[in-house]
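Report on the structure given below.
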There are 4 protein chains.
Amino acid sequence: MQTATTPRKTPRQTRSQATVESILEATARVLAQHGYAATNTNRITELACVSVGSLYQYFPNKLALIAALHERHVAQMAVVLLRDLSTGSRESITKRIRRLIAAVLAAHRLEPDLHWVLERNFVALEPAYDVSPADQLVHGIVRQILDEHRAELGVVDINLASYMVLRMLESLDHATVLEPTPHLATDKLEQAIGDAILGYLTRPARLE
Amino acid sequence: MQTATTPRKTPRQTRSQATVESILEATARVLAQHGYAATNTNRITELACVSVGSLYQYFPNKLALIAALHERHVAQMAVVLLRDLSTGSRESITKRIRRLIAAVLAAHRLEPDLHWVLERNFVALEPAYDVSPADQLVHGIVRQILDEHRAELGVVDINLASYMVLRMLESLDHATVLEPTPHLATDKLEQAIGDAILGYLTRPARLE
Amino acid sequence: MQTATTPRKTPRQTRSQATVESILEATARVLAQHGYAATNTNRITELACVSVGSLYQYFPNKLALIAALHERHVAQMAVVLLRDLSTGSRESITKRIRRLIAAVLAAHRLEPDLHWVLERNFVALEPAYDVSPADQLVHGIVRQILDEHRAELGVVDINLASYMVLRMLESLDHATVLEPTPHLATDKLEQAIGDAILGYLTRPARLE
Amino acid sequence: MQTATTPRKTPRQTRSQATVESILEATARVLAQHGYAATNTNRITELACVSVGSLYQYFPNKLALIAALHERHVAQMAVVLLRDLSTGSRESITKRIRRLIAAVLAAHRLEPDLHWVLERNFVALEPAYDVSPADQLVHGIVRQILDEHRAELGVVDINLASYMVLRMLESLDHATVLEPTPHLATDKLEQAIGDAILGYLTRPARLE
DNA sequence: GATGAATGAGGGTTCATTCAT
DNA sequence: TATGAATGAACCCTCATTCAT
């Protein structure tokens, strides 16, 4: 079953791997620098010092190329997340949340512009790509934290709570990394994101 | 000084007003249904039952057309916001925040898909359009609330706080309106958004 | 027999005459200022403060409009020529040639840019317009001069000679009026044109 | 620094060279046959039996294509001029002028119609193209002749004189080659052009 | 008579994709 | 396998001309 965005063939020789690598790298740079609309196969292959034909030897079409790039990108993010989140499962909830935020921020800082472009254009096109391995990883960790600290927190609906936390994480990270707001120091923002999430989770009473 | 996105001429007769209206309407529908990339002048004019020439009588180019649509859209959002936010400036902070959330949600529900597409594609292209009247309105109200309840809240940095509140508002509303999450009832989500913002604002102590 | 470039109807009322006049005037200005390619009916009617419909009430199409303008222009040139050439038929050949040159230059100076544009674009399109009344007038005068001074000149073939004189007149005048050559004073050029034509006509011996 | 009329890429393979050649050839024929206004990329590519895409692989836009054609054309003219003018620098002025006229006529006869169209439309659009290699060549030769025969001639102002000679050359050649005047034999015309120029240059006295 | 809204064929240009070499 | 020349559907936009009001 060969979907439209499946890579055409896997390169076996090292030379071919280098070609594919340089194509992906070029795609990433063009996307990040010039945006989705200005990203065309000519620009990519020129920057990659490769002929168009080569591109189509490994990718059936443009979308598949970008899908592959997306996959590679989220895989790289997942590496960072796994590295930063593999420990600390016995810490306080505050520590764990703060650690989570730091990890997600680090992952977003890998290639902010590329991430931005892919998120805005590609994922919107292909909703299936929304639930990437990295997303799932973060998702799982959030659920786990909420689960393990359920007693401690006033949270009733874990589904709702984790959804909220994920949304806040994502959007605040986006804002922090991708839109460098002048006059707002990054460390203060990171602190504030933690405050917001923890505030939501641990809010003692509803002062209606 | 005629910028590239200024409408070409204002329709005077009722007939031409109807034409412009139908063009804008068609543009909105095509954008919402098919997305930015698939929105071309042919599709628009076909749906509007109008010739290409008519489009270009009133808009100097495609971008100007979308700019006009954006302007119209945010104006409509502003109407809703003004209607829902004109009162209640003497209520408790909780009430005010909840009212604000409800208003912003209502505004986003006007044309969710169109809003989404414009936000993701058009505004990204033309950053000048980021600070729409509607945005400024909400921005002002948030600052005002924080200002007037400063004593009550533990907030120190008002810039930071209002930035955070705005981000949370925006992204959570987006999520709520644009991505109909199954298993999460809208009213509960709205409640949760309030909880999150109020939690952030009124969080009594930092439990580090 | 209604050819394609025949004016549609002659305006009888003074108001209509004013309209036609202002259309022609606007056409002349647009042609002279912006060139043939940038001359379109919209620009013309805007400058004329007249609706497109009005234009098409008096001219069946764009070509007819320009033909009419051309006709008007050469008529104006003819007026100047007639005024300056009506006397002096008994003077010396030198005087007559110099007078002719002065007259043709004066005629070209009426609307140099417009003349340039019409000559280069319109006449090439419609070769029939090449032999305008003004041309015929000059043509006749040249023949007459050559005829009357035949004995005096070494000229044998009057056809050839008048052809040559006309060509020299035309091109040198063009150059003088339309391409203001720096470092070459106009009066010296005018003198030189006379020298050239007279030199050709009166050249005593062939120094082969 | 890539100006708007610089060719896009130089064809390396023989196949692509043939393509470029056939495009230029087709452009020349369309221009010569149908004129500047009726020359569009569709017509060109159809006649060249080539797709539009191919045209735009080698020329960034229509103007660049025509610029390239112009360049090629004047280069071809320069070849003829160089061939015919490389000798004879020690002959009498009469011989030299006659030789010059014959050479310029030969160059103009290469592709009269194309030359005409390019001169009238393209060069007028892009004045930078006015001073082509061929022009400069002729210009230099005229100056040289006048300079070397200065004593012999009554010429005082060499600037003025060479300007006049060039104008006469150009316009008379134009007329001779491009407008086949019936009843005027070409050889007689060529003779007359020489008479005119020599007459101008050697005119003994001013018979005012 | 006058207006100007509406039309749509036509033109320039791009770019994903194919395929002969 | 790699190349890059060739393709052509599709897109944006212009402007001469018509016609209902």
Legend entry - Close side-chain approach of C:Val20 and C:Phe59, heavy atoms under 4.5 Å: yes

Legend entry - d(CG, B:Asn61; C1', E:dG12) in whole Å: 16 Å

Legend entry - A:Ser51 side chain, from C-beta outward: closest of E:dT7, E:dT13, F:dG4: F:dG4

Legend entry - Distance-minimising heavy-atom pair for D:Val30 and D:Ala38: CG1-O, 4.3 Å

Inset, instruction - Look at A:Thr41 and E:dA16 and indicate whether a side-chain polar atom (N or O) is within less than 4.0 Å of OP1 or OP2. - result: yes

Inset, instruction - Write out all pairs satisfying side chain to side chain donor-acceptor pair (under 3.5 Å) with one or both partners inside residues 19-40 of chain A, taking only residues at least two apart or from two chains. - result: A:Glu21-A:Arg72, A:Glu25-A:Arg72

Legend entry - Spacing between C:Phe59 atom CZ and E:dG1 atom P, to the nearest angstrom: 13 Å

Legend entry - Phosphate-side-chain proximity, C:Ser54 and E:dT3, N/O vs OP1/OP2 below 4.0 Å: yes

Legend entry - Rounded interatomic separation in angstrom, taking CG from B:Asn40 and C1' from E:dC15: 15 Å

Legend entry - Atom pair distance, as rounded to whole Å: CG in A:Leu63 and C1' in E:dT17: 14 Å

Inset, instruction - Please report the closest heavy-atom contact between B:Thr5 and B:Ala67, naming both atoms and the distance. - result: CB-CB, 4.1 Å

Inset, instruction - Supply the atom-to-atom distance D:Ile66 CD1 to D:Leu125 CG, rounded to the nearest 0.5 angstrom. - result: 9.0 Å

Inset, instruction - Check the distance between F:dC11's P and B:Glu46's CD and give it to me in whole angstrom. - result: 10 Å

Inset, instruction - Find the distance B:Tyr58:OH to F:dC13:C1' and express it as a whole number of Å. - result: 17 Å

Legend entry - Non-hydrogen side-chain atoms of A:Leu65 and A:Ile44 separated by less than 4.5 Å: yes

Inset, instruction - Output yes when at least one side-chain N/O atom of B:Lys9 is less than 4.0 Å from OP1 or OP2 of E:dA5, else no. - result: yes

Legend entry - Any C:Asn42 side-chain nitrogen or oxygen under 4.0 Å from OP1 or OP2 of F:dC15: no

Legend entry - Strand DNA chain E as a dot-bracket string - pairs counted if Watson-Crick or G-U with both distances under 3.5 Å, | where the partner lies in another strand: .||||||||||||||||||||

Legend entry - Sorted by number, the residues of residues 29-37 of chain B with heavy-atom contact under 4.0 Å to DNA chain E: none

Inset, instruction - Using whole Å, report how far CG of C:Leu125 lies from P of F:dA16. - result: 14 Å

Inset, instruction - Please round to the nearest 0.5 Å and tell me the distance separating atom CD of C:Glu126 and atom NE2 of C:His70. - result: 10.5 Å

Legend entry - Note, D:Asn121 side chain near C:Arg120 side chain (heavy atom, < 4.5 Å): no

Inset, instruction - With DNA chain F as reference, determine whether A:Thr19 or D:Leu55 sits nearer its 5' end, using the nearest nucleotide of each. - result: A:Thr19

Inset, instruction - When you get a sec, tell me which of E:dA6, E:dA2, F:dT17 is the closest nucleotide to the side chain of C:Gln57? - result: E:dA2

Legend entry - Upstream residue (5' side of DNA chain F) when A:Val52 and D:Cys49 are each assigned their closest nucleotide: A:Val52

Legend entry - Nearest-Å distance for atom pair CZ/P, residues D:Arg8 and E:dC15: 9 Å

Inset, instruction - Look at the side chain of A:Tyr56 and decide which nucleotide, out of E:dG12, E:dT17, E:dT14, has an atom nearest to it. - result: E:dT17

Legend entry - Candidate nucleotides E:dT7, F:dA2, F:dA5, ranked by approach to the side chain of D:Arg15 - the nearest: F:dA5

Legend entry - Validation row: C:Phe122, C:Val117 side chains within 4.5 angstrom (heavy atoms): no

Legend entry - Note, C:Thr45 side chain near C:Tyr56 side chain (heavy atom, < 4.5 Å): no

